[in-house]
Amino acid sequence: MALLIIPITCLVNILATSQPCQTPDDFVAATSPGHIMIGGLFAIHEKMLSSEDYPRRPEIQKCFGFEISIFLQTLAMIHSIEMINNSTLLPGIKLGYEIYDTCTEVTVAMAATLRFLSKFNSTRELVEFNCNYSSYMPRVKAVIGAGYSEITIAVSRMLNLELIPQVSYESTAEILSDKIRFPSFLRTVPSDFYQTKAMTHLIQKFGWNWIGFITTDDDYGRLALNTFAIQAAAKNVCIAFKEVLPAFLSDNTIKVRINQALETIIAEAQVNVIVVFLRQFHVFNLFDKAIEKNINKIWIASDNWSTAIKITTIPNIESIGKVVGFTFRRGNMSSFHSFLQNLHTFPKDNNKPLKEYAMLLSACAYVKDSDLSQCISNHSQGTLVYNAVERNFSLRNDFLWDYTEPGLVHSIQLAVFALGYAIRDLCQARDCQNPNNFQPWELLHVLKNVTFTDGKNSFHFDAHGDMNTGYDVLLWKEINGHMTITKMAEYDLRNDVFIFTDQETKNEFRNLKEIQSKCSKECSPGQMKKTTRSQHTCCYECVNCPENHYSNQTDMDHCLLCNNTTHWAPVGSSMCFEKEVEYLDWNDSLAILLLALSLLGIMFVLTIGIIFTRNLNTPVVKSSGGLVVCYVILLCHSLNFASTGLFIGEPQEFTCKTRQTLFGVSFTLCISCILMKSLKILLAFSFDPKLQTFLKCLYKPIPIIFTCTSIQVVICMLWLIFAAPTVEENISLPRVIILECEEGSMIAFGTMLGYIAILAFICFICAFKGRKLPENYNEAKFITFGMLVYFIAWITFIPVYATTFGKFLPAVEIIVILISNYGILCCTFFPKCYVILCKQDTNTKSAFLKMIYSYSSHSAGNLAVSHVSLDSANSNIVMNKPNSCGRSAAPQKSKNHQAQAFSSICRENATILSKTWPRKRISSI
């Protein structure tokens, strides 16, 4: 490329302003002598002109397409060097520069790099081949640039040969941080790792997860895409499409590829956010076509084009939507602004870009400022032929200031000043007016460790050769019909946070959050994402959280599990609810009903006690075993009724241990007393001599009651000692915690109930045998019925208790206790109370004795009629006593044996009855 401006006195066609160089110096764009030379690489022209698809000769092609923004970057380097030369930083040492136009082509940049590598002060421009370059003195000591990473990577590999320091102001490819492959490369900007990290953070903060990505087909674009894809996946951001455009405008397919990319954007209607890692000329063409197709999106701009004024001046640019960009942190621009104000006084003799700019202004001298950019672009593209004659006119410096990109200018200033401070540190012990006194690799070592300040902030290179200055977040806004670039926030690299400048920018941020760019509708709290068959995790369906799970944020991947011990959640819940602790409370309607029945039972017991006490000497009371036994049985019933109260209310350790023990012992005592009564009745009215003999031996009232009750006491004591009931929280139910008594040992619990059942069964057998005794005084059949009620209640209780859970489980046990208690109480005492209260004529001694005599006579007659055999096989009873139980007993001779048996039984009955009635009364009968 070498940029050569034809003498301004000639008629020129702007298309042919660049001619192949005749001498090496013709290749230089701008130069200035000095003790120490610094090289510069800038893409002042955006493309090369070629009449063929590919070059056939190894020659540098013509360049065209003057880039004002890059031209300003060259001025920033020149101005920074002039600032150092005019300061006391390097006393007695002047920095010189050689700046080359890369023309946005790697080959051109490599040609310029060969010039940098050529031997210093050689009569011939040549690069020597040496095995060791430690003492080799190249033409320059360091290089500023290049801008594009694709070019920088190629240049850096060449500069590595002699370890010439290369400081880039814009190349952000992450690969350049690798000091093994690029040991001499440094930069004053962060790598794309941080830029893509900031982008993904911003996208996530806005709530977007379905985006597009457009980049270039070169090292810069591919590396940025790979880094962004990794970081986006980590933040659950999906890339719907990836469009890769040719890296250089000289590629004839670029228009076709741009159209394809735009068609993809139109097809992906749900994608409203697109990340664009392109160069300025790519974006210019992309937006120009996007405006034609009425595409309105949110564009995330990389540092390459986020501050490009050329793009903001595209007609109807506001119709493309919103642009949110990232640019390098800006510094103090006042000095550079003054430099631009006086640019017309700056010498143009050795500055070809400045000459070309002057020529372009000459062609557009009478164009308005608003149209000046387009005019310069048209002339630089070779679309007009004009007479370029040098005129005395201002360079219209305000126009240049509008096109200045502060972030890039600041980065260039940092690069130059970093070299200046490194040279100062290196030259403190040596005379650097003689360039041969130090080698580039020595400067590189010092440069890596240099620290300097701009008066406000301190700067240094990290271990990867990067200067992490941070980013400014920009927003393109239309103000008064013009697109302006405003600073929205700052991005802190270290803390990975955005710092907003004012309330207005916060409001802009909120407005952007309202825009949706998602593959699927957002899942609300209480739902979770269910991925579909799509390869993207951002495409999903929303399903409700299952029971006992919740999600308290939008778009959660999984529902969180509630603490089943203390909390629960319904289906589709956004939070967990604390479980209610439940038990059979005193205020519960069922508990009140059961308590009322228990109290009623206690009242019945008291009433029966009063009735029996007032009729103490009546036959009915005496035939019931006497007042003591009745009181014991009634006391047991009272305790049974009272024990039901221990099943109600909040379970405590004491109530859990007491309720079953109280019930078991009191009920056993009750059944033992009834068993004693059953044996007595069977003994008094049985006419079977063998049974009589057995019952006489067995019938010991106090030992029977004591023994039977003591066994139950032992069972309960062992239960309380080894496996006592405890209070437990039952969390098996989804929404409540049941506070209940755990019985401790179901074997002990079953043993206690089983023992009562055995006693009840024995009692039932004894009572069943005496069920046909005298009606008015007969307890046997009522005891039989009472035991049947008990068995039915407890047999029903077993399956119901085993299948019932919840707070009403104690109610089941209360009900069965009440049923069995009421059954025995009613069957045992109510018939007697009925006789005492309603049939008083039968509740006399004479009526009782008459009933006994009648029953005995009837029983003896039945024995005679049925010819009951009482031979030696069944009973060898020797009757030595009188054989009459009554006055009129006169059996026939043929029935002598039966009469003797009857007489014997009568006497035995009389003996039993004598315990209740006075002996003289029985004898008189």
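Treat the numbers as computed from the prediction; the structure is a model and nothing was measured.
- Separation of the Phe612 and Phe829 ring centroids falls under the 6.0 Å cut-off.
- For Ile702, the CD1 atom counts as loosely surrounded, since its 6.0 Å shell holds 12 or fewer non-hydrogen atoms of other residues, nucleotides or ligands.
- Shown here for Cys559 and His549, the closest heavy-atom pair between the two residues is CB-CB, 3.8 Å.
- Without hydrogens or angle criteria, Tyr755 side chain to Cys708 main chain gives a donor-acceptor distance under 3.5 Å.
- A side-chain donor-acceptor contact under 3.5 Å links Ser520 to the backbone of Tyr540.
- For the atom pair OH of Tyr790 and SG of Cys763, the computed distance is 11.0 Å after rounding to the nearest 0.5 Å.
- When only modelled atom types and interatomic distance are considered, Gln527 and Ser524 share a side-chain donor-acceptor pair under 3.5 Å.
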Side-chain donor-acceptor pairs under 3.5 Å in residues 808-820, sequence neighbours left out?
| from | atom 1 | to | atom 2 | distance (Å) |
| --- | --- | --- | --- | --- |
| Glu813 | OE1 | Gln660 | NE2 | 3.2 |
| Glu813 | OE2 | Gln660 | NE2 | 2.6 |
| Ser820 | OG | Trp794 | NE1 | 3.4 |
| Ser820 | OG | Val816 | O | 2.9 |
| Ser820 | OG | Ile817 | O | 3.1 |

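- Across the pair Cys576 and Cys562, the gap between the SG atoms, which is the quantity tested here, stays under 2.5 Å.
- No side-chain heavy atom of Ser551 sits less than 4.5 Å from a side-chain heavy atom of Leu560.
- Other residues, nucleotides and ligands contribute over 12 non-hydrogen atoms within 6.0 Å of the CG atom of Leu561.
- Taking the side chain as every heavy atom from C-beta outward, Ser672 and Leu759 approach each other to under 4.5 Å.
- By the SG-distance test at 2.5 Å, no disulfide connects Cys636 to Cys673.
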Exercise for the section: Start with the C-alpha distance between Asn730 and Glu742, add both sets of side-chain angles, then the distance that settles side-chain contact (heavy atoms from CB on, under 4.5 Å), and finish with yes or no. Expected result: CA-CA 9 Å; Asn730 187 343; Glu742 174 60 38; over 6 Å; no
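- Using a 4.5 Å cut-off on side-chain heavy atoms (C-beta onward), Thr644 and Leu597 make no contact.
- In this structure, Asn548 CG and His567 NE2 are separated by 11.5 Å, a value rounded to the nearest 0.5 Å.
- Taking CG of Leu837 as the start and CD1 of Ile611 as the end, the distance is 4.5 Å to the nearest 0.5 Å.
- Summarising the geometry of Ala748 relative to Ile715, their closest heavy-atom pair is O-CG2, 4.5 Å, with the distance given to 0.1 Å.
- In this structure, the separation between CD1 on Ile738 and NZ on Lys579 is 9.5 Å, given to the nearest 0.5 Å.
- Residue pairs meeting the salt bridge (Lys or Arg N to Asp or Glu O under 4.0 Å) criterion with at least one partner in residues 639-665, sequence neighbours excluded, are Arg659-Glu743.
- Heavy-atom minimum distance, Ile608 versus Cys833: CG1-SG, 4.0 Å.
- Not one N or O on the side chain of His637 forms a donor-acceptor pair closer than 3.5 Å with the backbone of Leu635.
- Using a 30° and 60° split on the angle between ring planes, Phe761 and Phe791 fall in the perpendicular class, above 60°.
- Among all heavy-atom pairs drawn from Val605 and Leu634, the shortest one is CG1-O, 3.3 Å.
- Counting heavy atoms from C-beta outward, Met752 and Thr661 have side chains that stay 4.5 Å or more apart.
- Taking the side chain as every heavy atom from C-beta outward, Cys523 and Met556 never approach each other to under 4.5 Å.
- The backbone N or O of Pro651 sits nowhere less than 3.5 Å from a side-chain atom of Thr655 that would complete a donor-acceptor pair.
- Shortest non-hydrogen contact noted between Val621 and Leu616 is CG1-O, 3.6 Å.
- Leu739 is listed as a side-chain neighbour of Glu729, based on a closest heavy-atom distance under 4.5 Å.
- Here the CD1 atom belonging to Ile756 is positioned 10.5 Å from the CD1 atom belonging to Ile758, to the nearest 0.5 angstrom.
- From Tyr631, atom OH reaches atom OG1 of Thr613 across 2.0 Å, with rounding to the nearest 0.5 Å.
- The shortest heavy-atom contact between Leu675 and Cys766 is CD1-SG, 4.4 Å.
- Aromatic ring centres of Phe647 and Phe663: separated by at least 6.0 Å.
- Using a 4.5 Å heavy-atom threshold, the side chains of Arg735 and Pro570 count as touching.
- Using cut-offs of 30° and 60° for the angle between ring planes, the Phe604 and Tyr822 rings count as perpendicular.
- Side chain of Glu740 to main chain of Lys807: no donor-acceptor pair is present (N/O by atom type, distance under 3.5 Å, no hydrogens or angles).
- With a 4.5 Å cut-off on side-chain heavy atoms, Ile633 and Ile824 do not count as touching.
- When atom types are taken as modelled, the side chain of Asn552 and the backbone of Met575 share no donor-acceptor pair closer than 3.5 angstrom.
- Phe577 and Trp568 have tilted rings, their planes meeting at an angle from 30° to 60° on a 0 to 90° scale.
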